[in-house]
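Indexing begins at 1, ligand by ligand and atom by atom, following the structure's order.
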Amino acid sequence: VSVPAIDHDALDVDLLAPETIANPYPALARLREQAPVHFSERYHSWLVSGYAECHGAHTDPRISSDRITPVLRRLEQRGAAPELLEVFCVLSRWMVFKDGADHRRVRGLVSLAFTPRAVARIAGQVQEIADAVVAAAAGEERLDLVAGIAAALPARVIAVLLGVPEGDRDRFEAWSDEISPLVFSDLGDERRHERAAVGMGELVEFLGAAVERAREQPGEDLISGLVVAQEGSDALTDAEVVGMCTLLLFAGHETTTNLIGSSLLALIAHPDQRARLEREPALIEPAIEEFLRFDGPARISVRIVGEDLELGGRRLRAGERVYLLLNAANRDPARFAAPDRLDIGRDPNPHLGFGFGPHYCLGASLARLEARTVIPRALERLGPLELDGPLSWHPSLLGRSLTALPVRRR
Ligand code: HEM
C-alpha cells in the first residue's frame with residue numbers, strides 16, 4: 001500500500017501572499033486536500049478548510065466566538081491608551097463575539113427589531129439609492145465599479161435603516177471608513193488601532209445622542225426598534241444599543257460592498273452567466289447565493305477553542321485559535337459538484353458565505369436585498385462591460401475585497 005507523501009508547501013499556505021490574495025482558490029484546494037484541519041505554525045492557528053469540518057465547527061459549543069476578551073486583557077496588561085481600550089470595550093459588546101446564553105439574549109432582543117419587515121420597509125429607499133448610484137455611474141464611459149457602484153450603496157442603506165438624518169450621513173460614512181481597517185484586518189497593529197479609536201469615540205457619541213432621542217420619541221427606524229425591544233422585563237441598555245449600531249455598520253458595510261464588487265466581477269468574467277441572467281432575471285436570487293459561494297466577502301471566521309475537542313481527526317486544545325476558512329469550505333468538491341464553476345442556477349447551494357448556526361449573519365436579508373436591487377440595475381443601465389486594467393485586492397486576512405474594478409463600457 002503506498003501512502004501519499006505529505007506536501008509541506010501545500011500545508012504552509014500564506015494567505016497574504018500576493019498570488020494567494022489575487023486568487024486564493026488553488027492554494028486553498030491544495031490545503032484542503034492535504035489536511036482539512038491543519039495547525040498552521042505561520043498563523044499559530046488551526047486552519048479549517050473542509051466543508052464538513054467547517055460546518056460542524058460553527059455549531060460546536062466547545063468552540064468560542066469570544067476572541068476579544070484575550071486581546072483586551074493583553075492590552076490592559078501592556079497599559080494601552082484609554083481610547084484604545086474603549087474601542088475594545090465597544091467591540092466586546094458585539095454579539096458576534098459572544099457565546100451561549102449571553103449571545104442568545106442579545107440576538108433575541110435585536111431580532112425583535114431587525115425583522116424581515118424592517119428590511120422590507122426600506123426596500124423602496126434601497127431602490128432609490130441604487131437608481132441614483134447607477135444613474136451617476138452611467139454618465140461615464142470608463143469607470144471603477146467599486147467606487148462608482150459597490151461602495152456607494154451599503155453605508156447609505158445602513159444610515160437609512162438606523163434613521164440617521166440626511167445631513168449627518170456623510171459624517172457617518174466617514175467614521176465607518178476610518179474604523180473598518182481595525183475590524184477587518186489583523187488585530188495586532190496598534191497604530192491602526194489608535195487611528196480608529198478617535199473615529200470610534202466620535203461615532204459612539206453621535207449614536208448615543210440618537211439613542212437618547214429615540215428613547216424620548218421613538219420613530220419607525222431601527223434605533224427606535226432596538227430601544228423599545230423587550231423580552232419579559234429584559235431590554236437592551238443604551239450602551240448595548242449603541243454597540244449594536246456600531247456592529248451593524250461594520251458588519252454590513254464593507255461586506256456588502258465586497259459582495260456587489262465580486263458579483264459584478266464574476267458576471268464580467270463569465271459572459272455566459274451574465275447572458276443567462278439577462279435572459280432569466282428571476283435567477284438573480286440563486287445567482288447571489290452563488291456569488292457568495294464562489295468568491296464570498298467573508299474569508300475567515302475566527303474562533304477560540306473553549307474546551308479540548310476532536311475535529312477532523314485532530315486534537316484541538318483549549319485556548320488555541322481557529323480560522324474557519326469559509327471560502328475554502330465553499331469550494332469543497334465533497335459538498336459542491338464542480339465547485340470551481342460559477343453556476344448562477346446552482347440549487348441547492350448550502351454555502352457558508354453568511355456563516356452558519358447561532359451566529360448566522362443577521363443582516364443576510366438586507367445584504368441580499370441590496371445586491372438583488374443594484375446588480376440587475378447596473379447591468380441594464382451600463383450595458384456590455386469589459387475589464388479595463390488589472391485587478392487588485394486589499395491584502396486583508398479576514399475579508400475578500402477588491403480595491404478597484406476598472407471597466408470600459410462597450
Ligand atoms: C454580503 C454581505 C455580508 C456577508 C458576506 C456577511 C457575513 C457574515 C458572517 C460570515 C457572519 C458570521 C460571523 C461569525 O460566525 O463569526 C455574519 C454575522 C453577522 N452579520 Fe453579516 N454579512 C453581510 C452583511 C451584513 C449586513 C448588511 C448586516 C447588517 C446590517 C450584517 C450583520 C451581521 C451581524 C449583526 C452578525 C452577527 C450575528 C451574530 O453574532 O449572531 N451582515 N455576517
Side-chain angles (χ1 to χ4, degrees), residues 48 54-55 57-60 63-68 91-100 102-111 113-116 118-119 122 126 150 153-162 164 176 180 183-184 221-223 225-226 240-241 243-263 288-304 321-327 329-330 351-375 398-401:
V48 182
C54 206
H55 189 269
H58 274 92
T59 51
D60 193 319
I63 299 184
S64 164
S65 283
D66 182 8
R67 58 268 194 197
I68 292 298
L91 297 186
S92 70
R93 284 187 214 116
W94 283 9
M95 68 169 159
V96 70
F97 301 131
K98 287 179 186 287
D99 293 326
D102 281 352
H103 171 256
R104 277 194 298 279
R105 168 184 169 261
V106 179
R107 178 136 181 156
L109 285 164
V110 171
S111 304
F114 195 4
T115 56
V119 173
I122 63 162
V126 173
L153 196 72
R156 248 176 265 182
V157 169
I158 293 169
V160 167
L161 183 77
L162 293 178
V164 172
S176 172
S180 63
V183 180
F184 288 98
D221 56 274
L222 185 62
I223 294 189
L226 292 168
E240 284 175 326
V241 175
M244 188 59 218
C245 294
T246 59
L247 169 57
L248 292 176
L249 177 58
F250 293 107
H253 181 187
E254 284 216 357
T255 45
T256 313
T257 293
N258 294 337
L259 174 63
I260 298 167
S262 70
S263 303
I288 287 163
E289 302 313 305
E290 180 67 345
F291 301 138
L292 283 155
R293 183 195 71 82
F294 186 72
D295 201 9
R299 267 182 114 182
I300 295 180
S301 287
V302 183
R303 297 288 192 267
I304 303 286
R321 191 165 47 191
V322 182
Y323 286 170
L324 303 176
L325 303 183
L326 306 180
N327 286 354
N330 283 337
H351 67 80
L352 302 178
F354 283 130
F356 183 73
H359 289 280
Y360 180 80
C361 178
L362 188 73
S365 59
L366 180 60
R368 288 179 172 125
L369 170 69
E370 292 183 53
R372 73 167 179 266
T373 306
V374 76
I375 292 167
L398 305 187
R400 178 109 179 104
S401 161

Are any of the N/O atoms in H103 less than 3.5 Å from those in ligand 1? yes
Measure the distance from atom 26 (C) of ligand 1 to every protein heavy atom, then report the residue, atom name and distance (to 0.1 Å) of the closest one. G252 CA, 3.2 Å
Looking only at protein heavy atoms, identify the closest one to atom 32 (C) of ligand 1 and say how far it is in Å. A251 CB, 3.4 Å
Atom 42 (N) of ligand 1: closest protein heavy atom, distance to 0.1 Å, is C361 SG, 3.0 Å
Are the side chains of L222 and L248 in contact, using a 4.5 Å heavy-atom criterion? yes
Enumerated ligand 1 atoms positioned under 4.0 Å from heavy atoms of T255: 1 (C), 2 (C), 3 (C), 4 (C), 23 (C), 24 (C)
Would you say the side chain of I68 lies within less than 4.5 Å of the side chain of W94, judging by non-hydrogen atoms? no
With heavy atoms of G355 as the reference, note each atom of ligand 1 found under 4.0 Å away. 10 (C)
Are the side chain of T257 and the backbone of A150 linked by a donor-acceptor contact shorter than 3.5 Å? yes
For residues S262 and D295, is any side-chain donor paired with an opposing acceptor at under 3.5 Å? no
Please find the pair of heavy atoms, one from D66 and one from I304, that lie closest to each other, and give the distance. O-CG1, 3.8 Å
A student checking ligand 1 against R67 at a 4.0 Å heavy-atom cut-off should list atoms 16 (O)
Give the atoms of ligand 1, by number and element, whose distance to some non-hydrogen atom of A367 is under 4.0 Å. 1 (C), 2 (C), 24 (C)
Which atoms from ligand 1 have a heavy atom of T256 less than 4.0 Å away? 2 (C), 24 (C), 27 (C)
So the atoms of ligand 1 within less than 4.0 Å of a heavy atom of P358 turn out to be 41 (O)
Rounded distance (nearest 0.5 Å) linking atom CG of N327 with atom CD1 of I300: 9.0 Å
Atom 5 (C) of ligand 1: closest protein heavy atom, distance to 0.1 Å, is G353 O, 3.5 Å
Nearest non-hydrogen partners of V126 and L153, listed with the distance: O-CD1, 4.4 Å
Ring-plane angle category for F354 and H351, please: parallel below 30°, perpendicular beyond 60°, tilted otherwise. tilted
the protein heavy atom lying closest to atom 40 (O) of ligand 1 turns out to be H359 ND1, 2.6 Å
Check: H103/S65 side-chain N/O donor and acceptor closer than 3.5 Å: no
Going by an N to O cut-off under 4.0 Å, is there a salt bridge joining R156 and E370? no
Atom 16 (O) of ligand 1 sits nearest the protein heavy atom R303 NH1, 2.9 Å
Which heavy atom of the protein is the closest neighbour of atom 38 (C) of ligand 1, given with residue, atom name and distance? R107 NH1, 3.3 Å
Can you check whether G355's main-chain N or O pairs, donor with acceptor, with H359's side chain at less than 3.5 Å? no
Would you mind telling me if ligand 1 is within reach of the side chain of L362, the backbone, both or neither, using heavy atoms under 4.0 Å? both
What protein heavy atom sits nearest atom 28 (C) of ligand 1, and how far off is it? G363 CA, 3.4 Å
contact_flag R368 ligand 1 heavy-atom lt 4.0 Å: no
Distance filter under 4.0 Å to S301 heavy atoms, resulting ligand 1 atoms: 13 (C), 14 (C), 15 (O), 16 (O)
Below 4.0 Å, non-hydrogen atoms only: which portion of L247 touches ligand 1? Side chain, backbone, both or neither. side chain
Heavy atoms, side chains only, cut-off 4.5 Å: are V322 and V302 in contact? no
Of all the atoms in ligand 1, which lie at a distance below 4.0 Å from a heavy atom belonging to P297? 5 (C)
